Structures are given as structure tokens and as C-alpha cells.
Student: 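The structure follows.
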Number of protein chains: 2
Amino acid sequence: MTIKDIARLAGVTHSTVSRSLNDSPLVAAETKEKIKKLATELGYSPNTFARRLVTKKSNTLGVFFLSRAEINFMENFGTQFLDGIATASSNNGYDLLMFTMTRDLSNQKSYIRLCQEKHVEGVIFIGMTSDDPHLAEIAASQIPVCIIDFELKGDHVGFISSDNDQGIRLALDHLWQNGHRSIAHLGGPEVSPVAMIREDAYRRYMTSHGLESKIKILRGDFTKDSGYRRTQEMIRQGHLPTALLAANDYMALGAVKALKEQGYKIPSDVSIIGYDNVLAGEYSDPGLTTIGQNPIEMGASAVQYLFEKLKGGAPSPIHLINPNLIIRDSVRPIPIR
Amino acid sequence: MTIKDIARLAGVTHSTVSRSLNDSPLVAAETKEKIKKLATELGYSPNTFARRLVTKKSNTLGVFFLSRAEINFMENFGTQFLDGIATASSNNGYDLLMFTMTRDLSNQKSYIRLCQEKHVEGVIFIGMTSDDPHLAEIAASQIPVCIIDFELKGDHVGFISSDNDQGIRLALDHLWQNGHRSIAHLGGPEVSPVAMIREDAYRRYMTSHGLESKIKILRGDFTKDSGYRRTQEMIRQGHLPTALLAANDYMALGAVKALKEQGYKIPSDVSIIGYDNVLAGEYSDPGLTTIGQNPIEMGASAVQYLFEKLKGGAPSPIHLINPNLIIRDSVRPIPIR
DNA sequence: ACTCTTATTGCACACGTGTGTATGCGGATC
DNA sequence: GATCCGCATACACACGTGTGCAATAAGAGT
């Protein structure tokens, strides 16, 4: 079923059909209607390959995501990113091609080259790592790029992230409103940009609320075990805060474990708040109050950035998505001392 | 950069170039080499749209996955399925188009229709649900379909799943070898096919090992809370087994919680083994011994099925992937009584 | 030396769609 | 009534690649 078939049945040429279906003003309203009706009756759908060949527009976005079996860092975020990306893309009539970034980075084909070959108009990266050998090439890309949770500067590259600063403020506001004044921070490693942003937000909040003297930072590495050990050390030193704000949920769960082992009760003895809203926090005991990112919205924003770029606009290269506070059972109000 | 450009530079016609790059025997070995060399030097890559237009082959697979923000049932499996699918697809020179199955099933376009429009040669579904209104249409599909974790019969539809029967045997073997003879089963709801398969495997194993009298089944609904409550009831009744095999990890974690609350120690008092290898089990206390599915391999198998179908073969419509036992700290050997 | 065969290349068309230009037709203007 | 204008449609070509068939050249056989 092609436009030529429709043309024959309607007694016109294929050009008239083409123009009708594309709503060209060059064709009489009457015949246009007639042809459109005929097309839908026949269940016609255009051959995208022929169309793309002549228009030189692919209407296709690409998404690369990290493929590492042993690293589960993405939790269920991965599918939610993809969810947001796929629906936003589809809503705008764009196809979505999916690629993986494999682990042996040596014989890996250049991403950008691959995109050119596939005629991808814009591309999104999920799970980019700083050891990737193609970073410079991506930064110099001529086709619009958007990277989730990894900052890279370039004329046509955007950056989508959760607003970590605001997330920390949400968490600390919650503790503050529950009467907590002695709040320690279980931070991530210094090599992690996200960890540093969260720690910095903690420092600023404490200072601006007159709690500068209460600032206390335990340095973990985002693993549950590091949270467990740093908390053990803190317990031994004997200075327990009333609340602990962890830079991610896994460390928070490690802290819970260490405290429970020493006979402390959560949240009656110590309140704990995590970050990321991983599933383990939902199923832990007590349920972990935490800050949730909005991965679906992040994915949609990435697509949004690409479309604005494609339209010739100059969207902000950085988009921070609002996180939200998820209240469970690990924070308890205390009277102000 | 087209084959015409190469033709001009090589002093031949575009047909000769086309034949050379496609390794046709109709062209002299000498000129073939020359042209191939020229093409790589110029960094030529064929225009897929033109090629697909004339060959009528898209070299494209499609993947639909369920898009439901509030349902996290896929955990990190989703990305791993996609990982396996994307790499297998790419290794065979196929592109992968991604679509979502949106929640409002009413105004949803027919999946198969969409596949035809996009010229998808084969399609994979992840997260299919039994309330989807397009099931009949999928079953009757003329293009090869493969569904992960959802059985549907049709001439061109395949079914990929973890081998639940073997998984249960792995778990019970592990308990058996650790001396356990009194093993209860915390099963899933009767409406779940997977739950029934797992329960049946439990029954057969117990019977074939002379433990028919020890068969005891608690009926949960796959949630942590149901595991918690069924276990509480069992404790109240006073007949504790030495080991508990749960039909999924969340229920296992619920059981752990109930037992710990009553002062029992895991695994010294009761051994517990879960199923699915969700992340929460890795981070729970104690680490949950469980059965892991191999989602990457499942994804790759789905692609494999489609390719065999496309080659005209008749692959088995059912593929069961071997699960594996993941030993952590929730099972402990006991002396045989 | 002539014919026949075979190897190699060119020619021409096709795939389905979009678009610039030409053509035809009706009506309005003078 | 001749001219001009505008509207609607047809014609023709293009996009880049693949392929059946014809054409040419070279070599082999008699």
C-alpha cells in the first residue's frame, strides 16, 4: 500500500496524494479530504525509509546506556530513565534507538560515529563513566547530546541531574522541623562530584541555621559497609548526634545496622535519613526516610533538551530536576533541648 | 559520501562499487580490493535508509517494555534484560527500537500495527500483563514475537523464562546438603503462574526425598508484608521448621523480620532462602541466600529465538534459562536429627 | 583467423516519497 | 473576445542503493 496505489484509486498522481497527506495548501480542499479519507480507509502508513531518504530527516533519537552486569548502580532507575525518554520521544513522533556501552572500551566503536551512521538526530547517555575514552569526542560532538548524571562541557552537550542541593535542604528541613539540631553527615568519597555537592549543601545549611559548631562529617564511599564502619567508629567515640543524614541509602542502611547492633533503636534513639530512594530502603526495618530523585522526569527532560536544540534554540546546558522527600519511619520528632 | 562519489573517484560506475562492497563474485578481485580500500579510506558508510528501501529488510528489532512508575517490579532486571537484548542485537548487526507500553491501555495503538509501520522484523515484550487488551492480536502476530516471563501461545510467539523448577531444586538441594529436613514453603498467590510452578516444584522435591509429611505451605502474595504476617501466624502456632523457602525475596525478608522480632536468630535458629536475587536481599541483615535468575542471558535468548525464526527455523517456543544459587548468610548447616 | 565462451563492467530501472516547474483550465478584466 | 491571472493538478527528477540484463573485452578452442 503506497501513495501510488492511493493515487490510482483516486484518479490522481502520486504527487497530489503526497501533498494531500502532508497538508500542502497547493491542493484543493475537496480532493485533499477525499484522499485523506481514502488513505485512512485503506490503512495506509507511509514508508519511513523512503521518506527519510528524501527528506534527510530520520526522526530518531539514540540512547546509550552502560552495560555492566556486575554493577547494579542503576537499580531500578535505569528503566525509569528509559521510560521517561521513550515516552517523551514517542509523544513527539520520534523513534528511539538503543545502544549499549560495552565494558571492553578498547575495540568499542566511536559513539558519535555510530550515531552518524544511524542518522540519529540527538543522543542521550545513561551511566557514563569518567574512564570512558570517548569523552573528548562526545564533548566536541556536532549532534546534540544530553548526559544524565554526568557533567561534560561542550557546545552541544546538556547535563541532566537531580538537584542535590535542594534534596539536601529538603532532608535537613525535615529534620529541623522535627526538632533535630545535632545532625551529622555520612558523606560520600571526595572523588565523587555528587558526594561533594551534597556535603557542601549540608555545610551551608548547617551554617545558615546557626549550627556551624554541630557540623560533623563521616567519610564513606557509598557502600553499605563503609556506612557501617564509620558509624561504628562514631559510636566508639561516644558523640552520637540525634540525627544522621547519609549521602546515599546504602550507607544509611549500614549506619542502621551498626546502631542496631549496639542496642540503639531507630528512630527513637537516632533518626536517620538517606538519599536516592533505592528499593532496599523501602524494605528495610524501619522503612528508610529518604530523598527520591525523579528519574522519569529526568529522562523526559533530557529529551526536552534535545528537541529544543534541534529546533535551533539554546536551552540551558544544565537542568536540575526537583527531588522529593519520602517519609517513612526512620525519623522521629524530638523536643528541642 | 555515497557510492556514487566513490565510483567517480575510482573511475567506475556506482553499480560496480555496490557489488564490490557487497562482495559480489561478479566483480574482479583486483578492482574489488581497490574499491574496498578506497571506501574505508574515505570513511564511507552506507545509507541505511536507501538500502532498506530497496532491499525491504530493516535489520531492526523492537522491544516493548511496561511503563508504570508506581510498579517497581522489574527492580534492576529491566536494564539487564535490555542489556542482553541490545548487545545480542547489535552483535548481529541489528538495530533496536524501543517502545513503551503505556498505562492507559485504551487509546494505545496496537503494538503489532506499530511494528509493521516501523518495519520491525521481530519484537520482544518485557513486563507484559494479563490485562493487556492486545494479547489476542499478539498471539496471532505474523512477525516473530518473544515475551519474557509471560506465556502466550501463538505460531510465531516464543516464551523466555527462568527455569523455576530447577531454581527450586537448587535451593532445596542446598538446604538438604546442609542437613535440613523440615522445610516449609512460603508460597505466592494462586493467581500467579510462577508461584504455582515454584510451589509444585517444592512439593515434588519434598515427596521424592521422602519428606512428604513435612510439606507445609504458607500462602503469601509476594509482598514483604504478607511474608511477615504468614510467618507471625506460623510462630504463634508453634511449629517452626528448621528452614523456610520463600517464593520470592520480599516475602523472605518479611519472614526474617517476623522471626527476628520474636527473638529468633537467622540463620542459627531458622535458615531462610529467597528467590529472585533482588538488591534488598544483598543489603539485608543477614545477607539473603537466594536463587538468581540470569536476566542478561534471558534477553540474549529472546533475541536468539527471533533470529532463528527469521532464518526460517522452528525454534522451541519455550526457553528456560538456568538460574543459579547465590549463597550469602541466611542458611546454616545443622546436624541431621 | 574466426567463433564461442567467459569474465568484467556499464546501463537502466526499481524501491516509495517529496518537490520545483510546467501545463491546463476557468474566470475576471479591459 | 482576447489577455491575463490564479488555482489545481500532472510531469519529471531527486534521494542512495541494489540488481537483471546488455555490452564489451579478453581469452580459448578449432
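Note that this is a predicted model, so its numbers are computed, not measured. Numbered from 1 within each chain, the chains take letters A, B, ... in sequence-line order.
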Student: Can you check nucleotides 8-11 of chain C for protein contacts, nitrogen or oxygen pairs under 3.5 Å, and list what you find?
Tutor:
| from | atom 1 | to | atom 2 | distance (Å) |
| --- | --- | --- | --- | --- |
| C:dT9 | OP1 | B:T31 | OG1 | 3.4 |
| C:dT9 | OP2 | B:A28 | N | 3.1 |
| C:dT9 | OP2 | B:T31 | OG1 | 3.2 |
| C:dG10 | OP2 | B:T13 | N | 3.0 |
| C:dG10 | OP2 | B:T13 | OG1 | 2.9 |
| C:dG10 | OP2 | B:T16 | OG1 | 2.9 |
| C:dG10 | O6 | B:R19 | NH2 | 2.6 |
| C:dC11 | N4 | B:S15 | OG | 3.0 |

Student: Using a cut-off of 4.0 Å on non-hydrogen atoms, how would the nucleic acid contact of A:K4 be classed: base, sugar-phosphate, or nothing?
Tutor: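 Base, at least one base atom sits under 4.0 Å.
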Student: I'd like the 5' and 3' limits of the part of DNA chain D contacted by chain B, with heavy-atom contacts below 4.0 Å.
Tutor: D:dG16 to D:dG20
Student: Mind grabbing the angle between the end helix axes of the helix from C:dA1-D:dT30 to C:dC30-D:dG1? Five pairs an end, 10° rounding.
Tutor: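 Terminal axis comparison yields 60°.
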Student: Scan for ring pair (Phe, Tyr, Trp, His ring centres under 6.0 Å) pairs involving residues 18-41 of chain A, sequence neighbours excluded, and state none if there are none.
Tutor: none
Student: With sequence neighbours left out, write down each residue that passes salt bridge (charged side-chain N to carboxylate O under 4.0 Å, His left out) with B:K56, or none if nothing qualifies.
Tutor: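 With sequence neighbours excluded, B:K56 shows a salt bridge (charged side-chain N to carboxylate O under 4.0 Å, His left out) to no residue whatsoever.
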Student: Which residues pass the side chain to side chain contact (heavy atoms under 4.5 Å, CB included) test with B:H119, not counting sequence neighbours?
Tutor: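 Partners of B:H119 under the side chain to side chain contact (heavy atoms under 4.5 Å, CB included) test: A:N47, A:T48, A:F49, B:S58.
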Student: So, using side chain to side chain contact (heavy atoms under 4.5 Å, CB included) as the criterion, who are the partners of B:Q142 when residues are at least two apart?
Tutor: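 B:Q142 satisfies side chain to side chain contact (heavy atoms under 4.5 Å, CB included) with B:H156 once adjacent residues are dropped.
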Student: Could you work out, with side chain to side chain contact (heavy atoms under 4.5 Å, CB included) as the rule, every residue matching B:L42, not counting sequence neighbours?
Tutor: B:M1, B:I6, B:L9, B:L38
Student: Salt bridge (charged side-chain N to carboxylate O under 4.0 Å, His left out) with B:R51: which residues, sequence neighbours excluded?
Tutor: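 In terms of salt bridge (charged side-chain N to carboxylate O under 4.0 Å, His left out), with neighbours along the sequence ignored, B:R51 is linked to no residue.
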Student: Write out all pairs satisfying ring pair (Phe, Tyr, Trp, His ring centres under 6.0 Å) with one or both partners inside residues 1-23 of chain B, taking only residues at least two apart or from two chains.
Tutor: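 Sorted result for residues 1-23 of chain B: empty, none.
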Student: Mind checking salt bridge (charged side-chain N to carboxylate O under 4.0 Å, His left out) for B:E297 and listing every partner two or more places apart, or none if nothing turns up?
Tutor: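 Applying salt bridge (charged side-chain N to carboxylate O under 4.0 Å, His left out) to B:E297 gives none.
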Student: Is it true that A:T129 and A:D131 share a donor-acceptor pair across their side chains at a distance under 3.5 Å?
Tutor: yes
Student: Please identify each residue that fulfils salt bridge (charged side-chain N to carboxylate O under 4.0 Å, His left out) with A:E33, with sequence neighbours left out.
Tutor: none
Student: Categorize B:T2 for me: base, sugar-phosphate, or nothing, with a 4.0 angstrom heavy-atom threshold over every strand shown.
Tutor: sugar-phosphate
